There are 2 protein chains.
Amino acid sequence: MLKISSLNLNGIRAAHRRGFKDWIAQSNPDIICLQELRAMEHQVPGPIQSLNYHAFYHTAEKKGYSGVGILSREEPISVQDGIGVDWIDQEGRVIMAEYTDLTVFSIYAPSGTTGDARQELKMEFLDVFLPFAHQHLEGDKPVVFCGDFNICHRPIDIHNPKRNKNTSGFLPEERKWVSLLLDTGFEDVYRRLHEGEPDLYSWWSYRAASKERNKGWRIDYHMTSPELLDAAEEAVIEKDWDLSDHAPVTISYNLG
Amino acid sequence: MLKISSLNLNGIRAAHRRGFKDWIAQSNPDIICLQELRAMEHQVPGPIQSLNYHAFYHTAEKKGYSGVGILSREEPISVQDGIGVDWIDQEGRVIMAEYTDLTVFSIYAPSGTTGDARQELKMEFLDVFLPFAHQHLEGDKPVVFCGDFNICHRPIDIHNPKRNKNTSGFLPEERKWVSLLLDTGFEDVYRRLHEGEPDLYSWWSYRAASKERNKGWRIDYHMTSPELLDAAEEAVIEKDWDLSDHAPVTISYNLG
DNA sequence: CGTGGGAGG
DNA sequence: CCTCACACG
């Protein structure tokens, strides 16, 4: 069994203070895909650097901003940063680690909530991501794109679909993009293992006590090649931990 | 008896969180001279605005920076902001409240620790302050200039005089300025009531656990006209409170 | 509401 | 070390 977690940390230093190490000790994933490090590699807290994981980070040029990483018990065969577009790679939004049996990505799509300019860049990221993802889907290894896509797919994935239909993260063109991804070979494994179940979210605003009222969004995904859906045995959102405004999305894959 | 306190708050909002109201309730000064409000008047916490004091503030134009104020149980006859020099008055460093029996100032001298340019402005402030103070000394009412002068007068007023002899706040020209003030009619009342007593400080750096080791500086003063020295009965630095990096300097005057 | 940076102390 | 303003989410 291979346990893979995806977690937007909202600052690896803050998450460390909130018990990131305790969560690792308890949940014990084989691979952890991290987003929003909000730190340079040398700023990662020592206790996290000392964990018994191989660690790879792709940080943003801007300090305290974005950044992705992958931790894994097994040493990867190769690691690759970025997607090949300058502005995206300067923001530290894509990292890949290739293992013997599968390839893993940690993905952090831009947020569009701060204005039109950023929303346009978000759509540009999605446009660039789609062929990039397909190219890796056509490789001969199973592949999983874990991460914060900053999009809710369907009304069931958001606590208030009506009120948010014009909100970045739940816009028709964003939702269509996820549908397209799923119609062209990818599987939203968490949802496939929880079809029709409402109130399952991975992010809650820090405002207005959203989490205790479970007013959330499901914007963190494992987007996989088909064989990983078949391999998936359990998918959980670990919302009892308060590591950040996101919860870890953890899926156990039986790679046989 | 008239109890007057001087306190650099290092942010009135932070001081409020640290128990400013509790200190007032317990110490119960008649007049409180405040420095470093680091807030606009509308940002002063409601519970402080609701205290049974008349409150007057002279804030800086720059947000979150400097600012002085006077709280008093008695309503002043008049209040005056500033010293008549634009850059000083834009920084909110001087406020006066005139009462029936005395005139009270709250003073916040610039810090020179951030570089030569600010050190020069500090000296300019001191140059402007001296004739301003003397002009009020020659009025017919007792006068007290309470505040953070950002200068230690003598070796006894600082925990490490040798190491700090070239540090802003303990420079020869700054120390001479205080001597000049005291040689031309003003009294450092706290020191006069504690002649020769070492280890009495009003400020401790937040770094290196300075306060618990009492590695401090005495930079907060009541500088008074001579009749107020005669009236002074008790002078205490209330260092048991942790309201900011400064402690209240509280003196009880018997105005007969 | 919360994180991180940076100025100012 | 601490406070505040600001950018970003």
Side-chain angles (χ1 to χ4, degrees), chain A residues 8-18 20 35-40 43-45 59-67 91 93 108-115 117-119 121-122 148 150 167-169 203-212 215 217 219 242-246, chain B residues 8-18 20 35-40 43-45 59-67 91-93 108-115 117-119 121-122 148 150 167-169 203-213 215-217 219-220 242-246:
Chain A
N8 178 314
L9 295 160
N10 192 23
I12 195 166
R13 286 166 286 187
H16 178 240
R17 290 192 298 271
R18 290 162 166 269
F20 179 58
Q35 302 90 38
E36 263 202 291
L37 301 169
R38 305 189 66 173
M40 300 295 158
Q43 297 173 308
V44 172
T59 60
E61 291 183 0
K62 195 198 290 191
K63 291 181 79 182
Y65 182 73
S66 188
E91 292 190 359
R93 297 192 173 276
Y108 177 40
S111 166
T113 57
T114 44
R118 289 303 296 176
Q119 182 62 31
L121 288 171
K122 179 179 183 177
D148 175 359
N150 263 314
T167 306
S168 173
W203 173 81
W204 303 263
S205 167
Y206 275 129
R207 295 169 234 203
S210 301
K211 192 172 183 182
E212 55 184 68
K215 305 289 188 193
W217 301 40
I219 60 181
D242 271 307
L243 306 170
S244 75
D245 47 351
H246 296 248
Chain B
N8 178 315
L9 295 160
N10 191 24
I12 196 166
R13 285 166 288 186
H16 177 240
R17 290 193 296 271
R18 290 161 165 269
F20 180 57
Q35 301 90 38
E36 263 204 289
L37 302 168
R38 304 190 66 176
M40 301 294 157
Q43 297 174 308
V44 172
T59 60
E61 290 183 1
K62 195 199 290 193
K63 292 180 79 181
Y65 181 74
S66 188
E91 293 191 358
R93 298 193 172 277
Y108 178 40
S111 167
T113 57
T114 43
R118 288 303 296 176
Q119 182 62 29
L121 288 170
K122 178 179 183 177
D148 176 359
N150 263 314
T167 307
S168 173
W203 172 81
W204 302 263
S205 167
Y206 274 128
R207 295 170 234 201
S210 303
K211 192 172 183 182
E212 56 184 67
R213 300 184 299 145
K215 306 288 187 191
W217 300 40
I219 60 180
D220 300 275
D242 272 307
L243 306 170
S244 74
D245 47 351
H246 296 248

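It should be emphasised that the depicted structure is a prediction, and the values quoted were computed from it without experimental measurement. Chain naming here is simple, since letters A, B, ... match the order of the sequence lines and numbering starts at 1 in each.
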Worksheet item: Heavy atoms under 4.0 Å, any strand shown: does A:Gln43 hit a base, just sugar-phosphate, or nothing?
Response: sugar-phosphate
Response to the item:
To the nearest angstrom, the CG-C1' distance between B:Asn8 and D:dC2 comes to 12 Å
Fill in: Separation of A:Ser66 OG from A:Asn8 CG (nearest 0.5 Å)
9.0 Å
Fill in: Between C:dG2 (P) and A:Asp242 (CG): distance, integer Å
10 Å
Practice prompt. Round to a whole Å and report the spacing from NZ of B:Lys63 to C1' of C:dG6.
Written response: 16 Å
Discussion item. Quick check against the 3.5 Å criterion: does B:Glu36 have a side-chain atom that pairs as donor or acceptor with the backbone of B:Asn10?
Written reply: no
Worksheet entry | Spacing between A:Asp148 atom CG and D:dC8 atom P, to the nearest angstrom | 17 Å
Item to complete: Taking only the side-chain nitrogens and oxygens of B:Arg17, find out if one of them lies under 4.0 Å from OP1 or OP2 of D:dC4.
Response: yes
Item to complete: Would you indicate, yes or no, if D:dC1 has its OP1 or OP2 atom less than 4.0 angstrom from a side-chain nitrogen or oxygen of B:Lys211?
Response: no
Item to complete: Would you sort out whether A:Thr59 and A:Gln43 count as a side-chain contact (heavy atoms from CB on, under 4.5 Å), showing the intermediate values?
Response: CA-CA 11 Å; A:Thr59 60; A:Gln43 297 173 308; over 6 Å; no
Worksheet item: DNA chain C: A:Ile12 or A:Ala208, which has the more 5' nearest nucleotide?
Response: A:Ala208
Worksheet item: Would you say the side chain of A:Leu9 lies within less than 4.5 Å of the side chain of A:Leu37, judging by non-hydrogen atoms?
Response: yes
Worksheet entry | Protein-nucleotide distance (B:His16, atom NE2; D:dT3, atom C1'), rounded to Å | 16 Å
Item to complete: Starting at atom CD of A:Glu212, determine the distance to atom P of C:dC1, rounded to an integer number of angstrom.
Response: 12 Å
Worksheet item: Whole-Å distance between C:dG2 C1' and A:Arg13 CZ?
Response: 14 Å
Worksheet item: Of all residues at least two apart in sequence or in a different chain, which pass the salt bridge (charged side-chain N to carboxylate O under 4.0 Å, His left out) check with A:Arg38?
Response: none
Discussion item. Between A:Arg13 and A:Pro45, is there a side-chain heavy-atom distance shorter than 4.5 Å?
Written reply: yes
Worksheet item: Any side-chain heavy atom of B:Asp148 sitting closer than 4.5 Å to one from B:Trp203?
Response: no
N/O-N/O pairs, protein side and nucleotides 7-9 of chain C side, under 3.5 Å:
residue, atom, partner, partner atom, Å
C:dG8, OP1, B:Lys62, NZ, 3.4
C:dG9, OP1, B:Tyr65, OH, 2.8
C:dG9, OP2, B:Thr114, OG1, 3.1
C:dG9, O3', B:Ser111, OG, 3.1
C:dG9, O6, B:Arg207, NH2, 3.3
C:dG9, N1, B:Arg207, NH2, 3.4

Practice prompt. Take the protein atom CH2 of A:Trp203 and the nucleotide atom P of C:dC1, then report the distance between them rounded to whole Å.
Written response: 14 Å
